[in-house]
Each structure stands twice: as C-alpha cells, then as structure tokens.
Amino acid sequence: VQLQASGGGLVQAGGSLRLSCVTSGIIFVVNDMGWYRQAPGKQRELVAEITSGGRINYADSVKGRFTISRDNGERMVTLQMSSLKPEDTAVYYCHARYRLEYWGKGTQVTVSS
C-alpha cells in the first residue's frame, strides 16, 4: 500500500497550495480519505476528510479556506488550501481508512508571515 503525497512547499501568508495524494494497493472507492497535519510540538489533527460516499468534514480552523476532493478514477485525493496562515505550517499527511487505516509519509507546508 502506498499513499504518495505531494504539493507541499513554502508560501507567504495569504497564498495558496494544492496537495495531492495518489494511492495504490487499496480499493480506493471504498476508502474514506483524509488529510491530517502535525505541527512541531503538537498532536496530529484532522484537517479534512471525505468519505467513500462523498460526505465532507473540515476542521473549524480551515473551514472556508480549504477544499478537499477525490477522484476515484485517478485514485487520488486533493486538498486545495487558500488564504494560508502561518498557523497552517505543519507536515500534512494523507490518510485512508476502510477496516484498516494507512498513512502517507507526509509533505511539509510552511507559511511565512
């Protein structure tokens, strides 16, 4: 199983980034997919998730700024991040869950003030 995340980087506050996670080795269409993040010294937290049925949930801190979507044909989940803030700085992890759960290796997002 592989969850390959990409798209992280350094951006100024107010800017945008798009994270992508391409999966292999799982039956993508039945998996609930999500993005988590972990900032230095903090616990990993849910950013956004989209279920196999398309139901979406966002952390309060990112509502109105981030958009999660999935492409079952491409076996991919994306996170469009806009109006980024320095507090969004973290390592972002792709997550898949259906009976078992899997994590990607993470991609660094750094937002400068």
Side-chain angles (χ1 to χ4, degrees):
V1 175
Q2 287 192 331
L3 280 66
Q4 185 65 47
S6 61
L10 173 64
V11 65
Q12 289 188 332
S16 299
L17 283 174
R18 182 180 179 89
L19 304 183
S20 296
C21 174
V22 178
T23 69
S24 61
I26 61 172
I27 304 173
F28 185 82
V29 295
V30 302
N31 274 263
D32 297 338
M33 300 299 300
W35 288 95
Y36 287 71
R37 67 187 180 188
Q38 187 166 19
K42 295 188 177 181
Q43 290 188 332
R44 191 172 297 188
E45 63 176 1
L46 174 69
V47 176
E49 62 182 356
I50 181 167
T51 69
S52 59
R55 188 172 67 249
I56 292 173
N57 180 44
Y58 294 103
D60 287 343
S61 60
V62 307
K63 283 181 180 177
R65 302 188 297 121
F66 290 11
T67 301
I68 189 171
S69 60
R70 64 188 293 158
D71 184 330
N72 289 339
E74 296 295 327
R75 306 168 63 85
M76 182 170 67
V77 60
T78 61
L79 184 69
Q80 178 67 47
M81 304 185 294
S82 302
S83 302
L84 283 161
K85 304 175 181 179
E87 51 263 43
D88 294 318
T89 295
V91 177
Y92 284 69
Y93 296 91
C94 181
H95 178 259
R97 182 181 66 245
Y98 175 70
R99 297 181 179 174
L100 298 176
E101 61 178 350
Y102 301 97
W103 294 92
K105 288 187 177 180
T107 184
Q108 176 71 45
V109 171
T110 303
V111 184
S112 63
S113 57

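Within the structure, salt bridge (Lys or Arg N to Asp or Glu O under 4.0 Å) pairs that include any residue of residues 98-113 do not occur (at least two apart or interchain).
Shown here for L79 and A48, the closest heavy-atom pair between the two residues is CD1-CB, 4.1 Å. The two residues A90 and A39 come nearest to each other via the heavy atoms CB-N, 3.8 Å. Between A5 and T107, the shortest heavy-atom distance links the atoms CB-CG2, 4.3 Å.
In summary, the side chains of T78 and S69 do present a donor paired with an acceptor at a separation below 3.5 Å, with no hydrogens or angles considered. Remark: the T89 side chain and the E87 side chain contain no N/O donor-acceptor pair separated by less than 3.5 Å.
Between R97 and E49 the shortest side-chain heavy-atom distance falls below 4.5 Å. Annotation: side chain of Y92 is in contact with side chain of V47 (closest heavy-atom distance under 4.5 Å). Side-chain contact between S20 and M76 is present, with at least one heavy-atom pair separated by less than 4.5 Å. Within the 4.5 Å cutoff, the side chain of M33 has heavy atoms near those of the T23 side chain. Annotation: side chain of Q80 is in contact with side chain of S16 (closest heavy-atom distance under 4.5 Å). Side chains of L46 and N57 form a contact here, defined as non-hydrogen atoms less than 4.5 Å apart. Residues V109 and L17 are in side-chain contact: their nearest non-hydrogen atoms beyond the backbone lie under 4.5 Å apart. With a 4.5 Å cut-off on side-chain heavy atoms, Q38 and Y93 count as touching.
Note that CG of L84 and CZ of R65 are 6.5 Å apart. Values are rounded to the nearest 0.5 Å. The CH2 atom of W35 sits 12.5 Å away from the CD1 atom of I50 when rounded to the nearest 0.5 Å. For the atom pair OG (S112) and CG (L10), the distance works out to 5.0 Å, reported to the nearest 0.5 Å. The line from CD of Q4 to CZ of R75 is 14.0 Å long, rounded to the nearest 0.5 Å. The OH atom of Y102 sits 8.0 Å away from the CG atom of N31 when rounded to the nearest 0.5 Å. Of the inter-residue distances, the one linking L19 atom CG with F66 atom CZ reads 8.0 Å to the nearest 0.5 angstrom.
Geometric assessment of R44 against the ring of W103 yields a positive cation-pi assignment under the 6.0 Å and 45° thresholds. F28 carries R70 over the face of its six-membered ring, with the cationic atom under 6.0 Å from the centre and within 45° of the normal.
Here R55 does not pair with D32 in a salt bridge; the nearest charged N to carboxylate O distance is not below 4.0 Å. With respect to K63 and D60, a salt bridge is recorded, a charged nitrogen being found less than 4.0 Å from a carboxylate O.
Connection of V62 to V91 is not established within any shared hydrophobic cluster, with ILVMFWY side chains joined at heavy-atom distances below 4.5 Å, either directly or through further cluster members. Clustering ILVMFWY residues whenever any of their side-chain heavy atoms sit less than 4.5 angstrom apart, transitively, puts M81 in the very cluster that holds V11. V111 and Y58 fall within the same hydrophobic cluster, where Ile, Leu, Val, Met, Phe, Trp and Tyr residues are linked whenever their side-chain heavy atoms come under 4.5 Å apart, directly or through other members. By the criterion of side-chain heavy atoms lying less than 4.5 angstrom apart, applied directly or through intervening Ile, Leu, Val, Met, Phe, Trp or Tyr residues, L100 is not grouped with Y98; the two fall into different hydrophobic clusters.
At most 12 heavy atoms of other shown residues, nucleotides or ligands fall within 6.0 angstrom of atom CD in Q2. Under a cut-off of 6.0 angstrom, the local environment of CD1 in I27 is sparse, with at most 12 non-hydrogen atoms contributed by other residues, nucleotides or ligands.
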